[in-house]
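We count ligands from 1, going down the list as the structure has it; atoms in each ligand are counted the same way.
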Amino acid sequence: MKLPFTLAKRFVAGEEFSTAEEKVRALNEKGIKVTLDLLGENVRDRKMADETVQNYIGLLNNIEAAGLKSSISIKLTMMGLDIGQEYCRDNVFRLLDVARKHGQFVRIDMEGSDYTQMTIDIFKEAFKKYGRHVGIVIQAYLHRTKEDIRDLAEIGADVRLCKGAYKEPERIALQNMDAIRDAYKEYASVLLEKTTYPRIATHDDELVNWVKQYTDEHKIGKPRFEFQMLYGLRQDTMEQLTQEGYNTRIYVPYGIMWVPYFKRRLMERKENIWFVLSTMFKK
Ligand SMILES: Cc1cc2nc3c(=O)[nH]c(=O)nc-3n(C[C@H](O)[C@H](O)[C@H](O)COP(=O)(O)OP(=O)(O)OC[C@H]3O[C@@H](n4cnc5c(N)ncnc54)[C@H](O)[C@@H]3O)c2cc1C
């Protein structure tokens, strides 16, 4: 059964670029930067993966033509990671060739734990070749992150730190929210101390306040990092942080393949389910 888009419109900026563009412009006018994500994942045939690369190149061109303050986020399973690691890497490089020409930035999102090592490997190769044009995401809930974060900080990687959105077993990931928050704080401090511009991605007040206090106490200036949140969640908080002088960026997903992203948002917080249910009863 095809779900109607109206269910997802709180979390997804539109099915087309033109709809998302208006939302991005409105955020930019409030001083908030954006990372645009053309939704989709787990592409299993080469034709579709090749099309995805072309679509992302089109997105970079559109961002430039529209003059938006937006970078892009990609998922490697959309660029053919399930087909082959080298094939996927070559696709990422094709995209990064264009991104570099545009002076743009491509963030590689982190997916489920089956892909963590391959994602880090491809990122490292890309980082060697494209430097400041590419970044990665690290999930605080994974046990392996203790080592990964130091390793990535050591090479000066541009890291977005998030808690982690995929269901993982206990042997792979922390399950308890307090333990995940403690891990998040530990890793955020490593990034803030050792990298030039970490991205703090969370809607959690406890973590936002902790980062504010930590950076204040350690004399880490507001221009040295940014807060990131997802489209449709806590925009008032983002506006407030922007007014306080923090750098802010909202992750704006759009596109016709919105169902898996939408489901993750619903699984994450029961309040999100209530929100969707309430939109079903509104005109
Ligand atoms: C910019 C961005 C990019 C991301 N990229 C990835 C990625 O590449 N890979 C990945 O696995 N995950 C990614 N995530 C998702 C992330 O891993 C978490 O699943 C998600 O952010 C939920 O964790 P949280 O810390 O934001 O808040 P939660 O753990 O959901 O909530 C913690 C507390 O925060 C407060 N809170 C949360 N949401 C709200 C709200 N809407 N209104 C009011 N209070 C709220 C509440 O007090 C709540 O109890 C990304 C998240 C962001 C923000």
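When the salt bridge (Lys or Arg N to Asp or Glu O under 4.0 Å) test is applied to Arg249, the partners found at least two apart in sequence or on another chain are Glu226. With sequence neighbours excluded, the residues satisfying ring-ring contact (aromatic ring centres under 6.0 Å, His included) with Tyr130 are Phe93. Applying the salt bridge (Lys or Arg N to Asp or Glu O under 4.0 Å) rule to Lys129 yields no partners; only residues at least two apart in sequence or on another chain are considered.
Geometric assessment of Arg199 against the ring of Phe225 yields a negative cation-pi assignment under the 6.0 Å and 45° thresholds. At least one test fails for Lys163 against the ring of Tyr141: distance under 6.0 Å to the centre or angle within 45° of the axis.
Protein residues having a heavy atom under 4.0 Å from any atom of ligand 1 are Asp109, Met110, Val137, Gln139, Arg160, Cys162, Lys163, Gly164, Ala165, Tyr166, Met177, Arg181, Ala201, Thr202, His203, Asp204, Gln228, Met229, Leu230, Leu233, Arg234, Tyr251, Arg265, Glu268, Arg269, listed by chain and number.
Around the CD atom of Gln213, the shell of radius 6.0 Å holds no more than 12 heavy atoms that belong to other residues, nucleotides or ligands.
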